[in-house]
Each structure stands twice: as structure tokens, then as C-alpha cells.
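Residue numbering restarts at 1 for every chain, and letters A, B, ... go by the order of the sequence lines. The analysis underlying the following values was restricted to heavy atoms, covering all of them including side chains, and did not include hydrogens, waters or symmetry mates.
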Amino acid sequence: MLRRRFGFQHWWPGESTDEIVIGAVLTQQTSWKNVEKALANLKRENALSINSISRIGQRKLERIIKPAGFYRQKARRLRNISASMIGQYGSLDAFLHMKKTDIRKALLEFDGIGNETADAIILYAADKRIFVIDAYTKRIISRVYGFEKDIGYEELQKTISENLKGREWIYKDFHAQFVRLGKEFCRTKPFCENCPLDEVCKSI
DNA sequence: ACCCAGGTGGCCC
DNA sequence: GGGCCACATGGG
């Protein structure tokens, strides 16, 4: 199993790479509380692995992950992703041991995995350095950069990554901080009163 | 009775 | 390349 050396490894509460990948898809536009219920159901059904999901039936999987919302879509996507990982790459482990750029390319070809989910999987499951940009990060960064209009995902990622040079170790911590702070202070608006994020943002 | 959550893909222009 | 929309449950 891949190891993570630095803090916040418990921030993504997966105990296995399978759980992290499955959780990454389930949590799309969904609160983690609901995802936890779905993950608990999977565990109880002995289906919390890419291998099991590649063999489970659509209806059964729908029933199991229902609390996570978008359950028909997510069941279909998880089954396809799992079947492809096993069928084309042999195993999840083999898949995650490829080069970072190859993993990202392969992930983006799956239906149901976009930039953010791909990068979360690369950072937390494959344990390779990449900066994950989610809604919270975008919101906070937009403060620092004076609310730059419509900056694309990969452009924003590149900008941040360049500014992180020499401090790669903070990738996981930084993302976690963004999510925590974003939840607390910047829920809906790019700007808010008395926001204590300025200091944090300056440290980019 | 709203609004939101650790997105993605399809369709339209 | 941007602006909507569907997808669905559970919590505030």
C-alpha cells in the first residue's frame, strides 16, 4: 500500500486506495456525510473495492449507494470505471502505478471523471504530487487574484503549482486547509466580511 | 419551502 | 469557449 508521509492523511478518510477512488466519485457535488453512508453500505455488503464493483449488478449497486445521491448515474459510472480498470490495466494497483501523466489521461477518458476527481485520485490514491482545485479552492483563490474571471482549471492549477515550487510537501495540507477554511468562511460568496483568509492566501 | 453539497457531461449558441 | 440543465439524497 502506498504511504503518505505528511499531515492530513486522515483528511481523506479512506483506509484503502479502493475506498479513496470510490469516495472520490461518490462525493461529486455531494456532502461527505451522505458519502459516508454509501461507503458504510458498501463495506457491509463486502463491496468496497474496485474488484467487487466491477462484478456487481447495476440495480444492486444503485440500492447500496443510494444515500450518496445521483445514484443511478454514479452506479453506472463506478461500474464502468471499475470494469475498465480491471479489464484494461489488470488491477487498481497496476493502474495507480503508472506515470502520473498517463494516469491523468486515462482517468479523464472515463465517463464520470473530470479534472477535480482525477486530481484527487492522483494525489490521495496514487500518492503523486498534484494540486487539486475544488469549489472551495477556486473561491478562495479568486479572492487572492482579485476575482479573475473565468480562469480555466488547468491554468489555475499551473499558476498555483508554479508558486508552490520548492514546497511540494504542502500539496495535501494546502488543499485540506482550503476545504476547511472554505467551509467555514466562504460558503457562497467569493468575498465575505471579516474573512481571516488573507494571511493564509498570502502564503501561497 | 427553499438552498446547498469536496462535479460531470450534454446540449446550445 | 461560456451558459444552462439534469442528475438525487440528506441537512440546515
Side-chain angles (χ1 to χ4, degrees), chain A residues 4 7-15 17 19-42 44 58-82 84-85 103-127 130-143 147-158 160 170-192 197 200:
Chain A
R4 293 189 285 286
F8 286 95
Q9 62 269 52
H10 302 299
W11 175 73
W12 197 296
E15 292 181 4
T17 53
E19 187 171 346
I20 292 169
V21 171
I22 294 162
V25 172
L26 290 179
T27 198
Q28 291 169 354
Q29 193 61 25
T30 302
S31 68
W32 188 255
K33 275 272 181 277
N34 285 358
V35 175
E36 278 178 332
K37 291 172 188 164
L39 289 173
N41 289 349
L42 281 165
R44 195 180 52 241
Q58 173 70 17
R59 292 308 177 82
K60 186 173 182 192
L61 185 56
E62 286 180 4
R63 203 166 58 243
I64 294 172
I65 67 170
K66 195 163 189 174
F70 305 131
Y71 60 89
R72 294 189 196 91
Q73 195 179 72
K74 284 175 180 172
R76 176 169 40 79
R77 289 173 173 177
L78 278 173
R79 290 176 66 234
N80 289 338
I81 291 164
S82 300
S84 294
M85 281 180 174
I103 296 175
R104 193 165 201 280
K105 191 161 178 291
L107 283 170
L108 291 177
E109 286 181 6
F110 292 135
D111 176 35
I113 296 187
N115 285 316
E116 310 186 20
T117 307
D119 289 338
I121 290 171
I122 291 169
L123 181 63
Y124 293 102
D127 198 34
I130 201 158
F131 199 87
V132 182
I133 298 173
D134 55 27
Y136 295 119
T137 309
K138 225 176 281 178
R139 218 171 281 155
I140 295 168
I141 291 289
S142 72
R143 284 174 56 83
F147 200 41
E148 282 203 23
K149 305 189 196 345
D150 306 328
I151 185 165
Y153 185 97
E154 281 164 336
E155 191 189 346
L156 182 54
Q157 184 178 53
K158 187 162 169 281
I160 297 173
I170 72 175
Y171 275 48
K172 283 175 195 166
D173 291 351
F174 211 66
H175 179 231
Q177 292 282 4
F178 271 3
V179 173
R180 188 176 63 74
L181 292 166
K183 275 184 177 172
E184 200 169 343
F185 299 109
C186 291
R187 284 205 150 259
T188 55
K189 305 280 186 185
F191 297 90
C192 54
L197 289 175
V200 180

Self-check item: Interatomic distance where CG belongs to A/L78 and C1' belongs to B/dT8 [whole Å]
Solution: 13 Å
Practice problem: Would you classify A/F110 as touching base, sugar-phosphate or nothing, given that sugar-phosphate means primed atoms plus P, OP1 and OP2, and contacts are heavy atoms under 4.0 Å? | Solution: sugar-phosphate
Self-check item: Whole-Å distance separating the CZ atom of A/R63 from the C1' atom of C/dT9
Solution: 17 Å
Practice problem: Specify the separation, in whole Å, of atom OH of A/Y153 and atom P of B/dG9. | Solution: 13 Å
Exercise. In whole angstrom, give me the gap between the P atoms of B/dC3 and C/dA6.
Key: 15 Å
Quiz item: According to the salt bridge (charged side-chain N to carboxylate O under 4.0 Å, His left out) rule, which pairs have a member within residues 67-76 of chain A, sequence neighbours left out?
Solution: A/R76-A/D111
Exercise. For A/K74 and C/dA6, give me the distance from atom NZ to atom P, rounded to whole Å.
Key: 17 Å
Quiz item: Run the side chain to side chain contact (heavy atoms under 4.5 Å, CB included) check on A/F70 and A/Q28 step by step: do they pass?
Solution: CA-CA 9 Å; A/F70 305 131; A/Q28 291 169 354; over 6 Å; no
Quiz item: Given A/E109 and A/K105, is the salt bridge (charged side-chain N to carboxylate O under 4.0 Å, His left out) satisfied, shown in steps?
Solution: CA-CA 7 Å; A/E109 286 181 6; A/K105 191 161 178 291; 3.8 Å; yes
Quiz item: Does A/S31 put a side-chain nitrogen or oxygen below 4.0 Å from OP1 or OP2 of B/dC4?
Solution: no
Practice problem: Nearest whole angstrom, please: distance from the P of B/dA5 to the CD of A/Q28. | Solution: 15 Å
Quiz item: With side chains defined as the heavy atoms from C-beta onward, is the minimum distance between A/T17 and A/D127 less than 4.5 Å?
Solution: no
Self-check item: Atom pair distance, as rounded to whole Å: CD1 in A/I113 and C1' in B/dG10
Solution: 18 Å
Exercise. Calculate the interatomic distance between A/E62 atom CD and C/dC7 atom P; express it in whole Å.
Key: 13 Å
Quiz item: Is there a donor in the side chain of A/N41 and an acceptor in the side chain of A/R44, or the other way round, less than 3.5 Å apart?
Solution: yes
Self-check item: Proximity to DNA chain C (any heavy atom under 4.0 Å), residues of residues 66-73 of chain A only
Solution: A/K66, A/P67, A/G69, A/F70, A/Y71, A/R72, A/Q73
Quiz item: What nucleic acid atoms does A/Q29 come within less than 4.0 Å of, heavy atoms only: base, sugar-phosphate, or nothing?
Solution: base
Quiz item: How do A/T30 and A/K37 order along DNA chain C: which one's closest nucleotide is nearer the 5' end?
Solution: A/T30
Quiz item: In whole Å, what separates the P atom of B/dG10 from that of C/dA8?
Solution: 15 Å
Exercise. Grab the CG-P distance between A/N34 and B/dC4 for me, whole Å please.
Key: 17 Å
Self-check item: A/L39 side chain near A/I22 side chain, heavy-atom distance below 4.5 Å
Solution: yes
Exercise. Given side chain to side chain contact (heavy atoms under 4.5 Å, CB included), test A/I130 with A/Q157 step by step and report yes or no.
Key: CA-CA 9 Å; A/I130 201 158; A/Q157 184 178 53; 3.7 Å; yes
